[in-house]
Number of protein chains: 2
Amino acid sequence: MGKGQETRERLMDIAEVSVLTKGFGATSIDEIIAAADITKSGFFYHFNDKNQLALALLRRYVEREDQLLDDLFGRARELHDDPLHAFLIGLKLFAEMMADLSKAHPGCLVATCCYNERLFDSDVRELNRQSVLSWRQRFLTELEKIAEIYPPKDNVDLEDLADMVSGVVEGGIVMSKALEQPQVLARQILLFRSYLKLLFLPAYN
Amino acid sequence: MGKGQETRERLMDIAEVSVLTKGFGATSIDEIIAAADITKSGFFYHFNDKNQLALALLRRYVEREDQLLDDLFGRARELHDDPLHAFLIGLKLFAEMMADLSKAHPGCLVATCCYNERLFDSDVRELNRQSVLSWRQRFLTELEKIAEIYPPKDNVDLEDLADMVSGVVEGGIVMSKALEQPQVLARQILLFRSYLKLLFLPAYN
DNA sequence: CATTTCACTTTACTGACGGTACAGTTTTTG
DNA sequence: CAAAAACTGTACCGTCAGTAAAGTGAAATG
């Protein structure tokens, strides 16, 4: 990694922490450059404006999140051949990971963008939309495999159910932040897992 | 209502729309006073600073939301004596109401506060926390009545389940905003309803 | 009817912030 | 060693939150 890339990443690391804890509007460039020990001109050499920073942050965040989900549910599939059980294991691993974060989950950049809408340009909003759509597709694929084997016990739209994975996580983060209780997120994920068990597992009644 | 109170409410009406669509940071006082046709000094006559405005907005918002939930689940209890069925009816009414909002749900001020944390003082954060706790208590009371009659088919913590009502709504709003698809929120509420059916309804398997 | 209080307006200002412009300097790399 | 990359320094602009303080018209109060 060249020196430029290194500085760019350092700026993004500092910005990400601040954005996730304080919000985008409350994160000042002056504060970032002070922490990074760089001048304002130096900052604008890397990012044309604050929106470009947001775009870069969101892109990197989504990439990492995708990687994490790949690893997690990939590992789960290694542990069990059956798609339903693999998914349930994946959710448990996910919940455990969220519970292990000793501090409150820092938040999701996607949600940050939603609640700071007009602070961002259309590029950011479109990337945000695409990310959520890709999560929908990811979970939908798994759920379709599950539904083929285990007929669902209630008439649910699998796309909605796929959205519920992301939704429960986003909602769980909001609840964790509002209550200042980090465990809430993990518990919400486990409740969604309980729903899937009741919905798909045959012997469950 | 005196003239002062009238102006105060007008300022809050304008501010609320802007905060919910753009976020708190992107809502400028200059913009509010322009829309309200008042001077800056006039604004600061009513609110000492932006935080006081936030506190007033949040207080009013939570009061209204509480009233709405009282009406909705009260009406549901009128329609059915059984606590489970009343709750299911209440959720359906809630989902219908959310679906009827032709535009995307404007968002929840509680979540806005979560994602703009350091923009607010401790008073705002504490009010935020208390609001979420009051929702937990509200739904917990109903769920306990339900669980007494219908033994849950999975070992779930009723407090977590109560949090899930708020969580699914908050998450649904985020998803609706990110996808720019207002129906998503209503669909998520109905999925939570499906979970309750599977969890409590005896003949459901 | 006079006086006080309320609900503002007017004017002038401060400091933080996002961003621009652009010339100059150091550091890295082919 | 030269060119390109990665900055620094300085000066500046408009917007924004917030302050200070004097003044004004209308309405309530005594």
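The figures that follow rest on heavy atoms only: side chains count, while hydrogens, waters and symmetry mates do not. Chain identifiers are assigned alphabetically (A, B, ...) following the order of the sequence lines, protein sequences preceding nucleic acid strands; residue numbering begins at 1 within each chain.
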What does Gly42(A) touch in the nucleic acid at a heavy-atom separation under 4.0 angstrom: a base, only the sugar-phosphate, or nothing?
base
Go through Phe192(B) and Tyr195(A) one step at a time and tell me if the ring-ring contact (aromatic ring centres under 6.0 Å, His included) criterion holds.
CA-CA 9 Å; Phe192(B) 175 72; Tyr195(A) 178 31; 8.7 Å; no
Between P of dT10(C) and CD1 of Ile38(B), the distance in whole Å:
11 Å
Can you tell me how far P of dG18(D) sits from CD1 of Ile32(B), to the nearest Å?
11 Å
Interatomic distance where CD1 belongs to Ile33(B) and C1' belongs to dA17(D) [whole Å]:
11 Å
Over how many whole Å does the gap from Leu11(A) atom CG to dC7(D) atom C1' extend?
12 Å
Do Lys153(A) and Phe200(A) meet the cation-pi criteria used here (NZ or CZ under 6.0 Å from the six-membered ring centre, within 45° of the axis)?
no
If the threshold is 4.0 Å, N to carboxylate O, is there a salt bridge linking Glu65(A) and Arg60(A)?
no
Can you give one letter per nucleotide of nucleotides 17-27 of chain C, going 5' to 3': B for a protein heavy atom under 4.0 Å from the base, S for sugar-phosphate only, - for none?
SBBBB------
Between Gln5(A) (CD) and dT29(C) (P), how many Å, whole number?
13 Å
Give a yes or no on whether a salt bridge exists between Lys145(A) and Glu142(A), defined as a side-chain N under 4.0 angstrom from a carboxylate O.
yes
With a 4.0 Å cut-off, would you call Arg75(B) and Asp70(B) a salt bridge?
no
Examine dA5(D): is either OP1 or OP2 under 4.0 Å from a nitrogen or oxygen in the side chain of His46(A)? Give yes or no.
no
Qualifying residues under salt bridge (Lys or Arg N to Asp or Glu O under 4.0 Å), relative to Asp157(B), sequence neighbours excluded:
Arg187(A)
Measure from OH on Tyr45(A) to P on dG9(D) and round the result to the nearest Å.
17 Å
